[in-house]
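Quantities reported herein were computed from a predicted structural model and do not represent experimental measurements.
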Amino acid sequence: MVGDLEAGGPVAELISDWRGDPRKDALALRLCGALHHAVLTGAAPDLAEVYPKSLNDWDMELVWPRAQPFLAGAEDRVRAFIQSPPQTNETRRSIALLPGFLKISAAFGKPLNLLELGASAGLNQNWDRFNYSTSGWSRPGSSNVSVDTNWQGPPPLHLDTDIEIASRAACDQNPLNIHDPAAAIKLRSYAWPDQPDRLRRFDAAVALAREMDTQVDRADAAEWVRKKLMDRLEGVTTVVYHSVFLQYPPAEIIRAITTAIKTAGSNATEAAPLAWLCFEPEGLFGGDNTLPRMATRLQVWPSGESSILSHSNGHATLVEAIDGG
């Protein structure tokens, strides 16, 4: 694609007038998603013949000669597709969040009131029903969704803790309705087609979300979380959580979200505690912003105590635990 862009080919025609930041807008992923989407929907049968699902020994030397003419001949379709921000809704990230949920449940001993920000289609709302496994530890769930990773460091504490969910809610500025087959295909298109395990996990997570009638509110995260935190009840632990979300909103929205959570934290009590659990670039919270590394961060109130539980890459294929939680 880079070569085609420099040569003034169809890629250049599609993105030369892009007004945003191509890197922050994940423009390359949008284009790749457009190609995968065309394969999944049957719009590009010639391309589908050389994609990994159809050809085990696929090779980019076979793919690109068919991808390039498709981009040239389906310019309107591709241009329309790339207008929407990519949403991967990667369920593997939940294994990096799990130690935080376990620690919260063990510490407060109350049902959890879950509030997820930037939830996309809401697949990670069902994290407590996933099956988790690594070479050193596991936690069985109640679904067909299996999440694994290369786990380095101590295993999570409280693995046998019973987690009770009092309520679940989530928001996204542009949520995808997982109950709509077309929306599910669009979401699936952003997973790399040569990662069959990830695609199987996605399919299982979609089936679970449909079974549980998972819903996501269309809302601005800052205003949504502010209102939700004003209505907290005693007897439950409210947990605000998100994964690979906070790096995308404008700076003023990030400040508004942070202020809303910390303001609610200052009013938290032992009867109505609050926790903020996230999986985000470590630079957002004062860590090393020169490394492309994610950190799982937990802060709880009324104590205000904060800690970093682990470091990871963006898709949590490797998790380096700092402590067991």
Quick one, T296 with S310, criterion side chain to side chain donor-acceptor pair (under 3.5 Å). Give me CA distance, side-chain angles, the key distance, then yes/no. CA-CA 5 Å; T296 302; S310 65; 3.1 Å; yes
List the steps, then state whether side chain to side chain donor-acceptor pair (under 3.5 Å) holds for N267 with T263. CA-CA 7 Å; N267 297 319; T263 299; over 6 Å; no
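Not a single donor-acceptor pair under 3.5 Å links the side chain of D172 to the backbone N or O of A121. With Q87 contributing its side chain and N174 its backbone, the two residues share a donor-acceptor pair below 3.5 Å. Under the 3.5 Å distance criterion, the side-chain polar atoms of H36 are matched with a main-chain donor or acceptor of A191. Although no hydrogens or angles enter the test, the distance criterion places a donor-acceptor pair under 3.5 Å between the side chain of R30 and the main chain of I82. Judged by distance alone, with hydrogens and angles left aside, the side-chain atoms of S120 form no donor-acceptor pair with the main-chain N or O of G122 at under 3.5 Å.
No chain of hydrophobic side-chain contacts below 4.5 Å, direct or via other Ile, Leu, Val, Met, Phe, Trp or Tyr residues, connects I104 to W301. One hydrophobic cluster, built from ILVMFWY side chains closer than 4.5 Å, holds both V239 and M212. The hydrophobic cluster containing L35 also contains V78, counting ILVMFWY residues as joined when their side-chain heavy atoms lie under 4.5 angstrom apart, directly or transitively. Using a 4.5 Å cut-off between side-chain heavy atoms of Ile, Leu, Val, Met, Phe, Trp and Tyr, with links allowed through other members, L115 and Y248 fall into different hydrophobic clusters.
At least one side-chain heavy atom of F279 sits less than 4.5 Å from a side-chain heavy atom of S312. With a 4.5 Å cut-off on side-chain heavy atoms, L112 and S105 count as touching. Two residues are said to be in side-chain contact when any heavy atoms from C-beta on lie closer than 4.5 Å; I163 and W127 meet this criterion. With contacts defined as side-chain heavy-atom distances shorter than 4.5 Å, the pair W137/W151 qualifies. Within the 4.5 Å cutoff, side-chain heavy atoms of V240 are placed close to those of L229. Between F130 and L208 the shortest side-chain heavy-atom distance falls below 4.5 Å. Between L274 and R232 the shortest side-chain heavy-atom distance falls below 4.5 Å. Between R93 and M294 there is no side-chain heavy-atom pair separated by less than 4.5 Å.
Between the side chains of T214 and N126, at least one donor N or O sits under 3.5 Å from an acceptor N or O. N150 and Q152 form a side-chain donor-acceptor contact under 3.5 Å, judged by distance and modelled atom types alone. Judged purely by distance below 3.5 Å, without hydrogens or angles, the side chains of Q68 and D4 pair a donor atom with an acceptor atom. One side chain, T41 or R77, offers a donor N or O that lies under 3.5 Å from an acceptor on the other. Side chains of W18 and D25: a donor on one and an acceptor on the other come within 3.5 Å.
The minimum heavy-atom distance between R79 and L14, with the atom names listed, is NH1-O, 3.4 Å.
Residue E61 places its CD atom among 12 or fewer non-hydrogen atoms of other residues, nucleotides or ligands, all under 6.0 Å distant. Around atom CG of N56, no more than 12 heavy atoms belonging to other residues, nucleotides or ligands sit under 6.0 Å away. N144 CG: 12 or fewer foreign heavy atoms inside a 6.0 Å radius. Residue D213 qualifies as enclosed at atom CG: its count of foreign heavy atoms under 6.0 Å is above 12. The local environment of CG in D17 is crowded, with over 12 non-hydrogen atoms from other residues, nucleotides or ligands closer than 6.0 Å. More than 12 heavy-atom neighbours from other residues, nucleotides or ligands sit within 6.0 angstrom of CD on E223. The number of heavy atoms from other shown groups lying within 6.0 Å of CG (D162) does not exceed 12.
A salt bridge is defined here as a Lys NZ or Arg NE, NH1 or NH2 lying under 4.0 Å from an Asp or Glu carboxylate O, and D203 with R188 meets this definition. Between R168 and D128 there is a salt bridge, since at least one side-chain N of the basic residue sits less than 4.0 Å from a carboxylate O of the acidic one. Taking a cutoff of 4.0 Å between a charged side-chain nitrogen and a carboxylate oxygen, K110 and E164 do not qualify as a salt bridge.
In this structure, the ring of W276 has its center less than 6.0 angstrom from the ring center of F285. Between H37 and F81, the gap from one ring centroid to the other is short of 6.0 Å. The ring of F101 has its center closer than 6.0 angstrom to the ring center of Y241.
With respect to V236, the side-chain contact (heavy atoms from CB on, under 4.5 Å) criterion is satisfied by exactly one of L114, I165, N113: N113. Under the side-chain contact (heavy atoms from CB on, under 4.5 Å) rule, S307 has a single partner from Q299, R297, K103, which is K103. For the side-chain contact (heavy atoms from CB on, under 4.5 Å) criterion with W224, the lone passing option out of R226, K228, K227 is K228.
Aromatic ring orientation, F245 versus H242: perpendicular (interplanar angle above 60°, classes split at 30° and 60°).
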